[in-house]
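This report refers to the structure that appears directly beneath it.
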Amino acid sequence: MRLFAATKNSGKLTELRELFSAHGVDILTFSEYAEPEETADTYAGNAAIKARALHDQLAATGVRGDVIADDSGLEIAALGDRPGVYSARYGGPNATWAQRRASILREVAESGSGDRRARFVCALCFIDAEGRESIAEGVTDGELSHDERGQLGFGYDPIFYDPSEHATYGEISDAEKNKISHRAKAVERLMEMLRK
Ligand code: ITT
């Protein structure tokens, strides 16, 4: 089986390739994929917007294929679950990832809250060649670290502390993260749904 992935995020793509390859699924990309605006206020809604956009763009070039899209985000309890679905845009479109991570740590410190709960959420939308849609979600609970730790992973990984690993996602290998992450759980659920 092969799936076209509707993503421009190389960190996600690497993880999706690894996670799906364990199920014998190859992940392909479409070089002309034009990202749609993510206008929904849920992860599932935005994943569906991205998957439908790629599905339509492939169809317009005569390619019939299954597609997958991932919408994910980091929710910080002390910030009322922000940035959430706006995780990719937090701090503005020109902020670097180091700036986004530093802003979150600063905002929580300035809030005076002692609540460090954080969670990663991932929604996957799969659309088959006939246009049938399936949605699967995965969540990982953890904590906002007190400072940035580790350089592995991507995005918010260095400030997401997983107590069961005694480490941030910036300090564990892709292989380790792929056993426990929100994305790994969503892929497992999706594959279960597709097998049925
Ligand atoms: P695509 O829409 O092209 O897939 P994106 O970066 O815009 O890529 P999202 O809209 O899903 O992706 O935004 C979620 C952001 O949250 C994203 O930019 C990531 O950097 C961050 N994020 C999601 N999953 C993450 C993970 O496993 N580790 C660290 N950060 C993550």
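No experiment lies behind these values; they were computed from the predicted model shown. Counting starts at 1 for both ligands and their atoms, following the listed order.
Scanning Asn46, Leu74, Asn9 for the heavy atom closest to atom 6 (O) of ligand 1 points to Asn9. Considering Asn178, Ile49, Leu16, Thr7 only, the shortest heavy-atom separation from atom 4 (O) of ligand 1 involves Thr7. Looking at Lys8, Glu15, Lys12, it is Lys12 that brings a heavy atom closest to atom 11 (O) of ligand 1.
In this structure, the protein non-hydrogen atom closest to atom 30 (N) of ligand 1 is Tyr156 N, 3.1 Å. Looking only at heavy atoms of the protein, atom 23 (C) of ligand 1 is closest to Ser72 OG, 3.1 Å. Closest to atom 13 (O) of ligand 1, if we only count protein heavy atoms, is Ala88 CB, 3.3 Å. Among all non-hydrogen protein atoms, the one lying nearest atom 24 (N) of ligand 1 is Arg183 NH2, 2.9 Å. Nearest to atom 31 (C) of ligand 1 among the protein's heavy atoms is Phe154 CE1, 3.6 Å. Nearest protein neighbour of atom 16 (O) of ligand 1, counting heavy atoms only, is Ser87 CB, 3.5 Å.
Side chains of Tyr156 and Glu148: no donor on one and acceptor on the other come within 3.5 Å.
Distances shorter than 4.0 angstrom occur between a heavy atom of Asp157 and an atom of ligand 1. The shortest heavy-atom distance from Lys177 to ligand 1 is under 4.0 Å. Within the 4.0 Å heavy-atom shell around ligand 1 one does not find Tyr169.
Side chain of Arg2 to main chain of Val25: no donor-acceptor pair is present (N/O by atom type, distance under 3.5 Å, no hydrogens or angles). Judged by distance alone, the side chain of Ser111 and the main-chain N or O of Ser113 form a donor-acceptor pair under 3.5 Å. Judged by distance alone, the side chain of Asp66 and the main-chain N or O of Ala129 form a donor-acceptor pair under 3.5 Å. Distance alone, capped at 3.5 Å, is enough to place a donor-acceptor pair between the Arg116 side chain and the Leu144 backbone. For Thr168 (side chain) and Arg149 (main-chain N/O), a donor-acceptor pair under 3.5 Å exists by modelled atom type.
At a heavy-atom cutoff of 4.0 Å, ligand 1 is contacted by no atom of Phe160, backbone or side chain. Here Trp97 has side-chain heavy atoms under 4.0 Å from ligand 1, and that is the only part of it that gets that close.
The shortest N or O to N or O distance between Glu38 and ligand 1 is under 3.5 Å.
Here is the list of ligand 1 atoms found below 4.0 Å of a heavy atom in Lys50: 1 (P), 2 (O), 4 (O), 9 (P), 10 (O), 11 (O). Short contacts between ligand 1 and Glu35, defined as distances under 4.0 Å to a heavy atom of the residue, involve ligand atoms 3 (O). Every atom of ligand 1 with a heavy atom of His182 under 4.0 Å away is listed here by number and element: 24 (N), 25 (C), 26 (C), 27 (O). Close approach of ligand 1 to Asp71 is summarised as follows: ligand atoms under 4.0 Å from at least one heavy atom of the residue are 9 (P), 10 (O), 11 (O).
A salt bridge links Glu133 with Arg52; the closest basic N to acidic carboxylate O contact falls under 4.0 Å. A salt bridge does not link Lys50 to Glu35: none of the charged side-chain nitrogens sits closer than 4.0 Å to a carboxylate oxygen. Checked for salt-bridge contact, Arg117 and Glu75 miss the test: no charged N lies under 4.0 Å from a carboxylate O. A salt bridge is defined here as a Lys NZ or Arg NE, NH1 or NH2 lying under 4.0 Å from an Asp or Glu carboxylate O, and Lys177 with Asp162 fails to meet this definition.
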For this session: Test side chain to side chain donor-acceptor pair (under 3.5 Å) on Glu38 and Tyr43 and set out the steps.
Result: CA-CA 9 Å; Glu38 297 180 30; Tyr43 302 100; over 6 Å; no
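Between Val187 and His23 the shortest side-chain heavy-atom distance falls below 4.5 Å.
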